[in-house]
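In what follows, chains carry the letters A, B, and so on, assigned in the order in which the sequence lines appear, proteins first and then strands, with residues in each chain numbered from 1.
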Amino acid sequence: MKLPERTHNCGELSSNNLGLSVHLYGWVHHRRPHGGLFFLDLRDRYGTIQIVFRPENKQLYKQAEALGSEDVIYIKGTVVQRPPEALNPNMATGEIEVFAVDMILLNPSKVPPFLIEDDVKASEELRLEWRFLDLRRPEMQKALILRHKITQSAREFLNKKGFLEIETPILMKSTPEGARDYLVPSRKHKGRFYALPQSPQTYKQLLMVSGFDRYYQIARCFRDEDLRADRQPEFTQIDIEMSFVDPEQVMAIGENLLAHIFLKTRGLLLKTPFPKVDYTEAMARYGSDRPDLRIPLEIQDLGDILKNCEFRIFKQCLSDAGIIRGIKIPGGASLSRGDIDKLTAEIADFKAKGLLFLKFQEGELNSSFLKFLTPQEIQGIINLFTPGEGDLILIVADQSAIVSNSLGFLRTHLAEKFNLYNDQEFYPLWVVNFPMFELDPESGRLTAAHHPFTKPFEEDVHLLNSDPLKVKAEAYDLVLNGNEIAGGSIRSHQVEVQQKVFEAIKINPEEAQNKFGFLLKALQYGAPPHGGIAFGFDRLVMLLAGQNSIRNVIPFPKTTTALSLMDGAPTAVSAEQLAELGLKLCTPEDIHEPEK
RNA sequence: GGGGUCGUAGUUCAGUAUUUGGUUAGAACGCCGGCCUGUCAAGCCGGAGGGCGCGAGUUCGAGUCUCGUCGGCCCCGCCA
């Protein structure tokens, strides 16, 4: 069948096109039969338009009445003005309709498992199983269109700044530092494996050594770790690397890129330069290395006020090198004892032993432990927090990390619960001066806080052996509304420094040579000073789309158990496939097919 | 690896808690049939459709109790 050429889409016709004969294609959205008149909303990715069938053309009318939801049809018709009483101001094409003169049913649809509508009632599970239908929903189409626009505006910005878009391998060498690798068996070299990149980190550094100076890539990355609302096993980064730069220059590119994207895709103006906050300060004031600055609450330190306090909990905490901090929750005094017990249970997740609270009600401070404090100490607390009527002060006394995590959680959790901020705003900031290393509390091992290629501050290099936890790194994170949306660093371009870092995290020279020999070699052949940044693209799209999960801006995402409900991946493979790869499963009884 | 929560018609949910387990499991939307010439979540009338994720167990009797298991979502760990 030869299809008549589509003259218009379903979203572009208006009263400027009255009288026009049009050829339309689309999906049957809603149907409203009236016995004499039949209305049909035709939908495509551009919009919806009302088609009218009149009973005079009996055959066409009968054909139209037989249509079902989501059938794909062709309509030939004339654009006509709607009667004044039948205008629909809620519809972009609501002033007109198309009077049908011909129709072809191109492909009927089975009754869909759920209705294609924005206010979707189907569960996410069902939506994922029927993703190709879910993606027909205007909301999902908008999200993917926005995603496209963000990609294009990023390319536009970076191209203009002289960056080259260069692809790097998807099949690469496994370097099991950091996240767990996805492995790909090699057929030609049985018993050996490629890995999918956790990020193109080493490749982009090598491109700098090759002299490409300014590189970017919209890069797919793979990490075999547990999933969350903002974490998928495969995700996309806008990956950037530059030569001959310091952190300031990379951050300038990063924030100008973000501002460009915001302006081009949402028409929003972000004020640059973004504020910079020290890692230590962010942890102290907001209890997080990715603070949500929409929330106007800050954590206060009580160490000074309580340094001589006789109250056992405080005294013990300080003598164990712990810290005491608190946060004021305006209006929080309405929380019941039970509510606060629940909060205490929640921060037990962070190993907090307890949660102390004071309520300011009827002009005075009430708390179970005030009797253990001196009048000066109580006055100190009042001066520090200046509580108003109905406010609540929450205090955690514990080891530093526990206090920060707990109060950071309470800050965001309660700000949301009490509606203490405008969630429509965007507050970007840089978190800088990260520590180079952190201690893994389980193994007691030192690991790179960012990654081992990050350059330590030159003045700290001498501490790499003696006191590595004091070493700061030339790393920076870009944080937006409590989400880490980009992170980067200046890299070690001198092989000696790089080797010292490997030593500090207990990768001996031989091991370093095995794993990263190619990079160490490259550093010795005229590697320019370089650094870069990578944006978590899915999170960025999520924020700009006003979504709360990256699954809603990824066309075919996995569930939190890393299953693809639509196609059932991962699945078992045949014995032949395994044999060809030289693989043998050792526990076949443990292998399950997903239930259908 | 751990914690929480959910799983009942095609879909979304009610029913599960000491009114302490009890005869044919309900509603709405969708679907099917009929009526209806201006609706746009069209309307009106009628109908079909599930045995309660799966598997054991307790009991005269289980959607309701117990154990296990699978799956969705949120969180901790993990994510250099």
Side-chain angles (χ1 to χ4, degrees), chain A residues 29-41 48-56 61 65 68-70 82-91 93-94 97 110-130 175-181 198-199 201-202 221-233 235 342 345-352 405 409 413 434 436-438 440-442 445-454 473 475 484 487 489 501-502 505 507 515 536 548-549 551 558-561 563 565 592-596:
Chain A
H29 196 54
H30 288 124
R31 289 156 298 149
R32 292 177 294 279
H34 280 248
L37 271 179
F38 185 94
F39 298 105
L40 182 154
D41 292 337
T48 323
I49 187 163
Q50 175 162 282
I51 313 292
V52 200
F53 296 87
R54 295 189 167 275
E56 291 77 34
Y61 191 88
E65 267 192 317
S69 269
E70 300 305 312
R82 290 191 187 196
E85 70 279 10
L87 299 177
N88 186 347
N90 300 320
M91 205 171 167
T93 57
E97 60 199 6
K110 288 183 148 187
V111 175
F114 56 89
L115 265 59
I116 310 302
E117 56 192 356
D118 260 349
D119 187 17
V120 69
K121 285 164 195 85
S123 67
E124 186 168 8
E125 193 173 358
L126 197 74
R127 290 171 50 210
L128 289 174
E129 188 184 337
W130 296 86
T175 52
E177 312 304 314
R180 224 173 265 117
D181 276 334
Q198 298 174 23
S199 87
Q201 183 60 36
T202 48
C221 306
F222 306 85
R223 294 179 190 174
D224 188 4
E225 296 294 344
D226 285 359
L227 291 80
R228 288 281 200 290
D230 63 350
R231 272 159 43 185
Q232 283 275 306
F235 61 100
K342 265 185 212 149
E346 301 235 42
I347 62 170
D349 267 356
F350 307 107
K351 308 265 186 290
N405 288 338
F409 165 80
H413 180 74
F434 279 84
M436 180 73 200
F437 304 106
E438 52 197 22
D440 177 15
E442 268 173 45
R445 260 188 61 209
L446 213 57
T447 58
H450 185 57
H451 59 54
F453 315 112
T454 299
E484 183 198 329
S489 65
V501 170
F502 283 146
I505 55 174
I507 298 182
K515 287 177 174 164
N548 49 20
S549 161
R551 289 188 300 272
K558 311 280 188 289
T559 65
T560 50
T561 55
L563 293 174
L565 294 181
H592 303 284
E593 280 296 328
E595 289 191 4
K596 213 32 200 151

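Put simply, Arg32(A) has no side-chain N or O that comes within less than 4.0 Å of OP1 or OP2 on U39(B). Between Arg31(A) and U39(B), a side-chain N or O to OP1/OP2 separation shorter than 4.0 Å is absent. For Thr560(A) and C73(B), the shortest distance from a side-chain N or O to OP1 or OP2 is below 4.0 Å. For Thr559(A), no side-chain nitrogen or oxygen approaches OP1 or OP2 of G71(B) to under 4.0 Å. Note on Arg228(A): a side-chain N or O is less than 4.0 Å away from OP1 or OP2 of C76(B).
Counting to the nearest Å, the P atom of C73(B) and the CG atom of Leu126(A) are 13 Å from each other. The CD-C1' distance, from Glu125(A) to G53(B), rounds to 9 Å in whole Å. In this entry the distance linking NE2 of His29(A) with P of C40(B) reads 14 Å, nearest Å. At whole-Å resolution of the value, CZ in Arg127(A) and P in G7(B) are 19 Å apart. Here C40(B) presents its P atom at 16 Å from CG of Leu115(A), a figure rounded to the nearest Å.
With centres under 5.5 Å and a plane angle under 30° as the test, the ring of His30(A) is not stacked against the base of A41(B).
Looking at heavy-atom distances under 4.0 Å, Ile49(A) makes no contact with the nucleic acid at all. Looking at heavy-atom distances under 4.0 Å, Arg551(A) makes contact with sugar-phosphate atoms alone, never a base. Looking at heavy-atom distances under 4.0 Å, Pro83(A) makes contact with a base. Counting any heavy atom pair closer than 4.0 Å across all strands shown, Glu97(A) reaches a base atom. At a threshold of 4.0 angstrom between heavy atoms, the contacts of Pro33(A) include nucleobase atoms, whether or not backbone atoms are also involved.
Nearest to the side chain of Val111(A), among C75(B), U39(B), C31(B), sits C31(B). The listed nucleotides are G71(B), C79(B), C36(B); the one nearest the side chain of Ala179(A) is C79(B). When each of A80(B), U37(B), C31(B) is scored by its nearest atom to the side-chain atoms of Pro55(A), the top-ranked nucleotide is U37(B). Comparing C73(B), A80(B), C78(B) by their nearest atom to the side chain of Pro452(A) picks out A80(B). Among the nucleotides G71(B), C40(B), C74(B), the one closest to any side-chain atom of Ala229(A) is C74(B).
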> Are Thr560(A) and Arg551(A) close enough, and set up right, to give a side chain to side chain contact (heavy atoms under 4.5 Å, CB included), and what steps lead you there?
Replying inline: CA-CA 10 Å; Thr560(A) 50; Arg551(A) 289 188 300 272; 4.2 Å; yes
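Of the two residues near RNA chain B, Lys121(A) and Glu85(A), the one whose nearest nucleotide lies more 5' is Lys121(A). Closest-nucleotide positions on RNA chain B for Phe39(A) and Ser123(A) were compared, and the one nearer the 5' end corresponds to Ser123(A).
Side-chain N or O atoms of Arg223(A) include one that pairs as donor or acceptor with a backbone N or O of Gln198(A) at under 3.5 Å. Distance alone, capped at 3.5 Å, is enough to place a donor-acceptor pair between the Thr93(A) side chain and the Thr48(A) backbone.
The base of C79(B) lies outside donor-acceptor range of the side chain of Arg223(A), with no N or O pair under 3.5 Å. Donor-acceptor pairing under 3.5 Å, judged by distance alone, is present between the side chain of Arg82(A) and the base of U39(B). Taking 3.5 Å as the limit, the base of G3(B) and the side chain of Asp349(A) contain no donor-acceptor pair of atoms between them. With hydrogens and angles ignored, a donor-acceptor pair under 3.5 angstrom links the side chain of Asn88(A) to the base of C40(B).
G77(B) has its base anti relative to the sugar, with a glycosidic angle deviating from 0 by more than 90°.
Of the P atoms belonging to C70(B) and G10(B), the separation is 25 Å, rounded to the nearest Å.
Base pairing of C73(B): its partner is G4(B), meeting the Watson-Crick or G-U wobble criterion (both donor-acceptor distances under 3.5 Å). Here G57(B) sits opposite C65(B) as a Watson-Crick or G-U wobble pair (both hydrogen-bonding atom distances under 3.5 Å).
Under a 4.0 Å N-O distance rule, the pair Arg32(A)/Asp41(A) qualifies as a salt bridge.
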